[in-house]
Undergrad: 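Please see the structure below; I have some questions.
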2 protein chains.
Amino acid sequence: MNYKEAKDKFIQTWGSLGTLWGINKAMAQIHALLFISPEPLSMEDVMEELHISRGNTSMNLRQLIDWGIVYKTSKVGERKEYFTSEKDINELAKQIARERSRREIQPTLKVLKEVSSIEDDGTDKVKEFIKQTKALHELASTADSIMNRVVNQESNWLTKTFMKLLK
Amino acid sequence: MNYKEAKDKFIQTWGSLGTLWGINKAMAQIHALLFISPEPLSMEDVMEELHISRGNTSMNLRQLIDWGIVYKTSKVGERKEYFTSEKDINELAKQIARERSRREIQPTLKVLKEVSSIEDDGTDKVKEFIKQTKALHELASTADSIMNRVVNQESNWLTKTFMKLLK
DNA sequence: TTAAACTTTCAAAACTTATTGAAAGTTTAT
DNA sequence: ATAAACTTTCAATAAGTTTTGAAAGTTTAA
């Protein structure tokens, strides 16, 4: 496999994986492209490499910036803007964890808390409902606090600790 | 909020959350419904509660069974089949982790390994490519091994260990 | 073996989400 | 102030996904 093939395969794979961590294909592909580019790329560069329209590129770049994993840069003497991605994988993982917590887990916890607080009328179905939604709340809450710790500490310490535990 | 409202809100929330852990809305809603039902439900019951068609119900129930989080049961003297979900939240989490590893992480690891093994021709772009895809491989691999441990050990041990670390 | 009860399949339709591209907006150099 | 260079917006459209429902298939009881 040569560089071109490997690059395309990587972009492709990362792109379809994107839908899974909650972002769309173009967004994930743009990220993949920037992630492996030693140099910042312009919007034009991205459009050409991925064969996507100007509008699409613009919108998805903005979203990536919003997620905090792509940065705008500029070159001296050039009016055009250039884009580059977070290259540190730990920083990337942190950022993704942070955003997912904020966008998904927190709102879910809120609903779970709300619905598990209905009054217990003593019937089976209500008792089961309260029990199960409370259990889910606890699970989501534990998962979230683990993630937040990973995010807020030096993640390296935790990774190493994990690895020791898991060896 | 009364039981009916709380139930609908829960099913609704869990349903839209589904897309995020990689399953579709109907599938997630069916799961939610079974998860809070003290009794197994028939296909008819599910159809009525969620207002979805027979075909849709059938297909999604099958998929849930395939994921290992819903079981078929039958009542003596009844021809109809009944369905019930895994009620133990730890078991549910395990099962989901297991499936995600199998369906998503493993195939990704395979691609990452493959593309990061191209020959280094000494150019910047190839060096960057190899470096970054290797780093991603390592990250995904660490995440996967953590998940698998959680899955394969008594998950309680790890949860407790986590919580101690994180306090 | 038949027929009723039930489940699965799958092509077509409905719905949802992503993408385009041209127009509007913004910034910068002169 | 103007115009060129560039970016953003958004309505229309394309692409992709989910859902339906009727027909085909299966199982069970008599």
Side-chain angles (χ1 to χ4, degrees), chain A residues 11-34 40-67 70-85 103-104, chain B residues 11-34 40-67 70-85 103-104:
Chain A
I11 290 172
Q12 187 49 47
T13 305
W14 205 239
S16 41
L17 217 62
T19 49
L20 256 132
W21 45 285
I23 71 178
N24 76 36
K25 202 179 93 191
M27 193 171 153
Q29 286 186 339
I30 295 173
H31 175 258
L33 176 63
L34 294 175
L41 301 180
S42 69
M43 214 160 89
E44 211 78 26
D45 293 336
V46 173
M47 288 167 58
E48 275 170 32
E49 287 264 13
L50 303 178
H51 305 284
I52 58 180
S53 72
R54 191 172 294 284
N56 202 2
T57 307
S58 168
M59 278 178 128
N60 284 299
L61 275 171
R62 209 152 35 70
Q63 277 211 79
L64 283 165
I65 291 168
D66 196 48
W67 266 71
V70 162
Y71 313 118
K72 273 187 186 173
T73 62
S74 42
K75 290 191 179 172
V76 285
E78 286 219 42
R79 190 181 292 186
K80 220 182 289 181
E81 284 178 320
Y82 286 80
F83 301 89
T84 190
S85 84
R103 290 168 201 242
E104 295 147 26
Chain B
I11 289 172
Q12 187 50 46
T13 304
W14 205 239
S16 41
L17 218 60
T19 51
L20 258 134
W21 47 286
I23 71 178
N24 76 37
K25 201 179 95 193
M27 192 172 154
Q29 286 186 340
I30 295 173
H31 175 257
L33 177 63
L34 294 175
L41 301 180
S42 68
M43 213 159 89
E44 211 77 28
D45 293 336
V46 173
M47 287 167 58
E48 273 170 33
E49 287 264 12
L50 303 178
H51 306 285
I52 58 181
S53 72
R54 190 171 293 287
N56 202 2
T57 307
S58 169
M59 279 178 128
N60 285 299
L61 275 172
R62 209 151 34 70
Q63 277 210 79
L64 284 164
I65 291 167
D66 194 49
W67 266 70
V70 162
Y71 314 118
K72 272 188 187 173
T73 62
S74 43
K75 290 192 180 173
V76 285
E78 285 220 41
R79 189 181 294 184
K80 220 182 290 181
E81 284 178 320
Y82 285 81
F83 301 90
T84 189
S85 85
R103 289 167 201 240
E104 296 147 24

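Just so it is clear: chains get the letters A, B, ... in the order the sequence lines come, proteins before strands, and each one is counted from 1.
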Undergrad: Applying side-chain contact (heavy atoms from CB on, under 4.5 Å), can you list everything that pairs with A:E49, at least two apart in sequence or on another chain?
TA: A:K7, A:L33
Undergrad: Would you give the length of the straight line joining atom CD of B:Q12 to atom CG of B:L50, rounded to the nearest 0.5 angstrom?
TA: 10.5 Å
Undergrad: Identify the pairs formed between an N or O of the protein and an N or O of nucleotides 28-30 of chain C at a distance under 3.5 Å, and give each distance.
TA:
{"unit_1": "C:dT28", "atom_1": "O2", "unit_2": "A:R79", "atom_2": "NH2", "d": "3.4"}

Undergrad: What heavy-atom pair brings A:F83 and A:T73 nearest, and what distance separates the two atoms?
TA: N-OG1, 4.4 Å
Undergrad: Any residue in residues 24-32 of chain A with a heavy atom nearer than 4.0 angstrom to DNA chain C? Just list them by number, or reply none.
TA: A:N24, A:A26
Undergrad: Determine the minimum heavy-atom distance between B:V70 and B:L61, stating which atoms define it.
TA: CG1-CD2, 4.3 Å
Undergrad: Check salt bridge (Lys or Arg N to Asp or Glu O under 4.0 Å) between A:K75 and all other residues, then give those that pass, not counting sequence neighbours.
TA: none
Undergrad: Taking only residues two or more places apart in sequence, or in another chain, which ones meet B:E81 in a side-chain hydrogen bond (donor to acceptor under 3.5 Å, both in side chains)?
TA: B:K72
Undergrad: For B:R79, give me all partners under side-chain hydrogen bond (donor to acceptor under 3.5 Å, both in side chains), at least two apart in sequence or on another chain.
TA: none
Undergrad: Looking at every heavy atom in both A:A28 and A:G18, which two are closest together, and how far apart are they?
TA: CB-CA, 3.8 Å
Undergrad: If the condition is salt bridge (Lys or Arg N to Asp or Glu O under 4.0 Å), which residues does B:K80 pass it with, not counting sequence neighbours?
TA: none
Undergrad: Check for a donor-acceptor pair, side chain of A:D45 on one end and backbone N or O of A:S42 on the other, with a separation under 3.5 Å.
TA: yes
Undergrad: What is the bend of the helix from C:dT1-D:dA30 to C:dT30-D:dA1 when you compare the axis at one end with the axis at the other, using five pairs each and rounding to 10°?
TA: 20°
Undergrad: Please report the shortest heavy-atom distance between A:Q29 and A:I11, naming the atom on each side.
TA: CG-O, 3.7 Å
Undergrad: Checking B:I30 against B:I52 for the side chain to side chain contact (heavy atoms under 4.5 Å, CB included) test, could you report, in this order, the C-alpha distance in whole Å, the side-chain angles of both residues, the deciding distance, and whether it holds?
TA: CA-CA 10 Å; B:I30 295 173; B:I52 58 181; 4.0 Å; yes
Undergrad: Extract, from 5' to 3' on DNA chain D, the first and final nucleotides lying under 4.0 angstrom from some heavy atom of chain B.
TA: D:dT18 to D:dA29
Undergrad: Check DNA chain C against residues 53-60 of chain B and give the residues with a non-hydrogen atom under 4.0 Å, in numerical order.
TA: B:R54, B:G55, B:S58, B:M59
Undergrad: Check A:N24 against A:M27 and note the closest heavy-atom contact, atom names and distance.
TA: OD1-N, 2.9 Å
Undergrad: With sequence neighbours left out, what residues match B:R103 under side-chain hydrogen bond (donor to acceptor under 3.5 Å, both in side chains)?
TA: B:E99
Undergrad: Which residues satisfy the side-chain hydrogen bond (donor to acceptor under 3.5 Å, both in side chains) test with A:S58, sequence neighbours excluded?
TA: none
